[in-house]
K.L.:
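Following this message is one structure expressed as structure tokens.
Naming: A, B, ... by sequence-line order, numbering from 1 per chain.
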Amino acid sequence: MNADLRPLPRAFFARNSVDVARDLLGHFLVHETRQGRLVGRIVEVEAYRGPRDPASHAYRLTPRSRIMWSQPGTAYVYFTYGNHYCLNVVCEPEGTAGAVLFRALQPVEGRDVMRRARGVDAPHLLASGPGRLTQAMAVGPEHNGADLTRPPLYVAYGDPAGVRIKRSGRIGITAAAGRPWRFYADRSPFVSRR
DNA sequence: ATCTAGATCGGCT
DNA sequence: GCCGATCTAGATG
């Protein structure tokens, strides 16, 4: 992996979250930790919108969901099912709610650290699923509100042109008929639900 | 291959 | 009190 990773600018995230989700495929999620630099290629994401999207935490304004109205490029980390953390990046202009959930990565750098954190060996099981992804990337509740446009945790330019994009319904969502806002890299072994 | 339950707890009605 | 933007292990066909 080359050493040069440049963060995406804030303007990238200040758009419709569905467009941001699609455009995120092929770019990198990077975390510079004490253990070393962890890098994954983004291969699966889901878009969530505001009060008009019943599947979104921002369907209502609550203390937890408030952050989805904040500055684009901000991290939204939430806890679910008593066990797992999920990482999102806030989208849309400030004052409009929206976010993209990171669902799966292709591990690119720091695989050994990821293996240790996950307790599994197979590369396609390291970060294929939102809970697995945060565990592999050493992301937790302390990152809620972090700025994902600058180190140590950020989204960096990759190779989006080389991705065959597929779309589908969001996973685990019942109240979202007619909103196929999950995007993933076609035929990638690193997406969830293989 | 497909299903089921259990873990485990914060946020919300 | 209920249930979730999940994962894993174990059972069953």
K.L.:
Verify the contact: side-chain N or O of A:R60 to OP1 or OP2 of B:dT13, cut-off strictly under 4.0 Å; return yes or no.
P.N.:
yes

K.L.:
Parallel, tilted or perpendicular: which fits the ring planes of A:H57 and A:Y76, with parallel below 30° and perpendicular above 60°?
P.N.:
perpendicular

K.L.:
Between B:dC12, C:dA5, C:dT8, which one does the side chain of A:N88 approach most closely?
P.N.:
C:dA5

K.L.:
Given atom CG of A:N83 and atom P of C:dC7, what is their separation to the nearest angstrom?
P.N.:
10 Å

K.L.:
Does the side chain of A:R103 get closer than 4.0 angstrom to OP1 or OP2 of C:dT6 through an N or O atom?
P.N.:
yes

K.L.:
Quick one: does NZ or CZ of A:R15 land under 6.0 Å from the six-membered ring centre of A:F13, within 45 degrees of the ring axis?
P.N.:
no

K.L.:
With no angle test and no hydrogens, is the base of B:dA7 tied to the side chain of A:Y81 by a donor-acceptor pair under 3.5 Å?
P.N.:
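Answer is no: no donor-acceptor pair is held.
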
K.L.:
Treating a pair as Watson-Crick (purine N1 to pyrimidine N3 plus N6-O4 or O6-N4) or G-U wobble (N1-O2 and O6-N3) with both distances under 3.5 Å, list the stems of 3 or more consecutive pairs that involve DNA chain B.
P.N.:
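Stem list for DNA chain B: B:1-7 with C:6-12, B:9-12 with C:1-4.
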
K.L.:
Is any side-chain nitrogen or oxygen of A:H57 closer than 4.0 Å to OP1 or OP2 of C:dA5?
P.N.:
yes

K.L.:
I'd like to know if A:R103 and A:E46 make a salt bridge, using a cut-off of under 4.0 Å between side-chain N and carboxylate O.
P.N.:
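Salt bridge: yes.
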
K.L.:
Report the distance from atom CD1 of A:I171 to atom C1' of C:dG4, rounded to the nearest whole Å.
P.N.:
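It works out to 15 Å between those atoms.
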
K.L.:
From the set B:dA7, C:dC7, C:dA5, return the single nucleotide nearest to any side-chain atom of A:H84.
P.N.:
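Looking only at side-chain atoms, A:H84 lies closest to C:dC7.
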
K.L.:
Check this for me: does any side-chain nitrogen of one of A:R116 and A:D121 sit under 4.0 Å from a carboxylate oxygen of the other?
P.N.:
no

K.L.:
Can you tell me if the side-chain N/O atoms of A:R49 get under 4.0 Å from OP1 or OP2 in C:dA5?
P.N.:
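No, no such contact exists.
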
K.L.:
Under 4.0 Å between a side-chain N or O of A:R182 and OP1 or OP2 of C:dA5?
P.N.:
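Looking at the OP1 and OP2 atoms of C:dA5, neither is under 4.0 Å from any side-chain N or O of A:R182.
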
K.L.:
Please indicate whether A:Y59 has more than 12 foreign heavy atoms, meaning atoms of other residues, nucleotides or ligands, lying under 6.0 Å from its OH.
P.N.:
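Atom OH in A:Y59 is not packed in, count stays at 12 or less.
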
K.L.:
Roughly how many Å is it from CD1 in A:I67 to C1' in B:dG11, rounded to a whole number?
P.N.:
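These atoms are roughly 15 Å apart.
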
K.L.:
Let me know, please, whether A:P130 or A:F79 comes out on the 5' side of the other along DNA chain C by nearest nucleotide.
P.N.:
A:F79

K.L.:
Please report, rounded to the nearest Å, how far the C1' atom of C:dA5 is from the CZ atom of A:R132.
P.N.:
15 Å

K.L.:
Charged N to carboxylate O under 4.0 angstrom, A:R182 versus A:E44?
P.N.:
yes

K.L.:
For A:R170 and C:dT6, give me the distance from atom CZ to atom P, rounded to whole Å.
P.N.:
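Answer to the nearest Å: 12 Å.
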
K.L.:
Between A:R37 and A:T33, does any side-chain donor sit less than 3.5 Å from a side-chain acceptor?
P.N.:
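No, because no side-chain N or O of A:R37 sits under 3.5 Å from a partner of the opposite role on A:T33.
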
K.L.:
Are A:R22 and A:D19 close enough for a salt bridge, meaning some N to O gap below 4.0 Å?
P.N.:
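Counted as a salt bridge, because a side-chain N and a carboxylate O are separated by less than 4.0 Å.
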
K.L.:
Check the distance between C:dT6's P and A:Q135's CD and give it to me in whole angstrom.
P.N.:
15 Å

K.L.:
If I pick the P atom on C:dG4 and the same atom on B:dA5, what distance separates them, to the nearest angstrom?
P.N.:
15 Å

K.L.:
Could you state the CG-P distance from A:L87 to C:dA5, rounded to the nearest angstrom?
P.N.:
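About 16 Å, once rounded to whole Å.
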
K.L.:
Distance check needed: C:dA5 C1' versus A:E44 CD, whole Å only.
P.N.:
11 Å

